[in-house]
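Counting starts at 1 for both ligands and their atoms, in listed order.
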Amino acid sequence: MDNTKKQTALSTLGEFGLIDRLTQQIRLQHESTVKGVGDDAAVLNFDKNHVVVTTDMLTEGIHFNLMYVPLKHLGYKAVVVNLSDVFAMNAQPRQITVSIAVSSKFSVEAIDELYEGIHLACEQYGVDLIGGDTTSSMTGLTISVTAIGEAPKEDLVYRSGAQPNDLICVSGDLGGAYMGLQLLERENAVFKVNPKEQPKLEGYDYILERQLKPEARGDIMQALKQLNVKPTSMIDISDGLSSELMHICKNSKVGCAVYEEKIPMDFQTKQFAEELSINPLVAALNGGEDYELLFTIPLSDHDKIKNDPDITVIGHITAEADGSQLITAAGSAIPLQAQGWNPIAKESE
Ligand code: ADP
Ligand code: MG
């Protein structure tokens with residue numbers, strides 16, 4: 001929080017004053033939004049399309065630490081993580097609702113900052129903020145976002161459609177958000193011991209951005225549409241590649257083989273992992289919060305995607321009986337585990 005600005009107690013506005021302040025700038029963009037904020041419920045009309053709905057709740061101290069997460073970034077991220085789930089269904093996000101529980105330690109200006117991030121994400125991704133709820137909390141901040149999206153029924157992509165021989169693809173690169181979190185945690189620990197010490201964050205802008213300001217990959221969804229590729233299954237990577245692969249395999253009743261050396265990782269991710277003596281593969285497999293898309297496509301579509309620099313083929317789908325395997329650079333097959341594969345534990349066995 002920026003404590004140099006004027007701080008106004010929330011009690012000066014009251015609940016309705018606060019809601020008015022937070023929602024006054026909303027300009028509705030979508031035809032499907034018949035009524036937004038201001039009545040007992042919002043009214044939506046999706047005509048013939050199917051509707052997807054998804055919710056995520058973030059709690060202070062569990063999902064975020066306000067010692068190093070700016071409120072504007074938190075607001076932006078809270079929206080983005082929900083939009084990522086809508087894109088992972090191959091649907092277009094249209095509306096969100098935002099519910100917050102706040103304690104008296106937050107000022108009006110602090111909540112303004114949170115909503116600056118929320119409004120920015122709405123603008124960036126073209127979604128309407130159509131409502132929410134505002135209540136008080138005894139301790140910290142809780143924020144819950146619900147996203148609503150639409151798609152023609154035949155466009156929707158579930159976790160359950162992967163077939164043996166399909167190619168397994170990921171967008172972007174993995175492990176960055178986890179390494180960004182490790183960096184912020186390290187500098188916060190230093191700060192607690194010595195508040196005068198300046199945090200050492202130079203040279204790590206990419207992994208910090210991956211942690212603090214993630215983006216949802218609607219661009220990948222659009223690119224696939226343009227390439228005329230419909231994934232057979234899709235999921236967004238919120239809990240780490242390993243766990244998401246397991247979800248696809250379980251829901252599709254298939255196995256998978258992914259290749260260690262194919263997993264895309266940024267230079268900074270590897271560099272900071274080396275600094276901390278962590279295997280960067282652990283960050284990619286088990287780290288999470290990358291919000292990239294993991295999807296499968298028919299082998300026959302390989303030519304269509306192979307020149308897209310933002311899509312990497314990391315393996316293929318196998319029969320269920322073959323299990324979920326990570327093929328290491330040395331060529332050995334290691335079963336992926338629900339909590340991911342941990343080579344450090346393996347080595348010390
Ligand atoms: P109700 O008493 O029907 O729950 P509220 O007074 O809580 O209504 O909310 C009034 C309007 O403001 C509703 O349209 C609601 O969706 C919206 N709203 C309330 N809190 C928020 C918030 N934190 N962000 C966005 N919209 C909100
Ligand atoms: Mg209410």
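For CD of Gln198, the number of neighbouring non-hydrogen atoms (other residues, nucleotides, ligands) closer than 6.0 Å is 12 at most. For Asn165, the CG atom counts as loosely surrounded, since its 6.0 Å shell holds 12 or fewer non-hydrogen atoms of other residues, nucleotides or ligands. Open room surrounds OH on Tyr178; 12 or fewer heavy atoms of other groups in view lie less than 6.0 Å from it. Atom NZ of Lys225 has more than 12 heavy atoms from other residues, nucleotides or ligands within 6.0 Å.
If you look at Asp133 next to ligand 1, the close heavy atoms, those under 4.0 Å, come from the backbone and the side chain alike. Only the side chain of Ile19 comes within contact range of ligand 1, with a heavy atom under 4.0 Å; no backbone atom does.
The shortest N or O to N or O distance between Thr134 and ligand 1 is under 3.5 Å. Residue-to-ligand polar distances keep Gly36 apart from ligand 1: every N/O pair is separated by 3.5 Å or more.
Sorted by first and then second residue, the pairs that involve residues 305-314 and meet side-chain hydrogen bond (donor to acceptor under 3.5 Å, both in side chains), not counting sequence neighbours, are Arg217-Asp310, Asp303-Lys306. Within the structure, salt bridge (charged side-chain N to carboxylate O under 4.0 Å, His left out) pairs that include any residue of residues 60-88 comprise Glu60-Lys105, Lys72-Glu116, Lys77-Glu289 (at least two apart or interchain).
Taking every heavy atom of Thr23 and a limit of under 4.0 angstrom, the matching atoms of ligand 1 come to 25 (C), 26 (N). Heavy-atom proximity to Tyr115, at under 4.0 Å, picks out these atoms of ligand 1: 22 (C), 23 (N), 24 (N), 25 (C). Close approach to Gly131 involves these atoms of ligand 1, each under 4.0 Å from a residue heavy atom: 16 (O), 25 (C), 26 (N), 27 (C). With ligand atoms numbered from 1 in the order given, ligand 1 contributes 13 (C), 14 (O) to contacts under 4.0 Å with heavy atoms of Asp39. Atom numbering of ligand 1 starts at 1 in the shown order; those under 4.0 Å from a heavy atom of Phe16 are 6 (O).
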Begin from the C-alpha positions of Glu320 and Lys253 and carry the test salt bridge (charged side-chain N to carboxylate O under 4.0 Å, His left out) through to its verdict. CA-CA 6 Å; Glu320 188 174 24; Lys253 299 189 171 59; over 6 Å; no
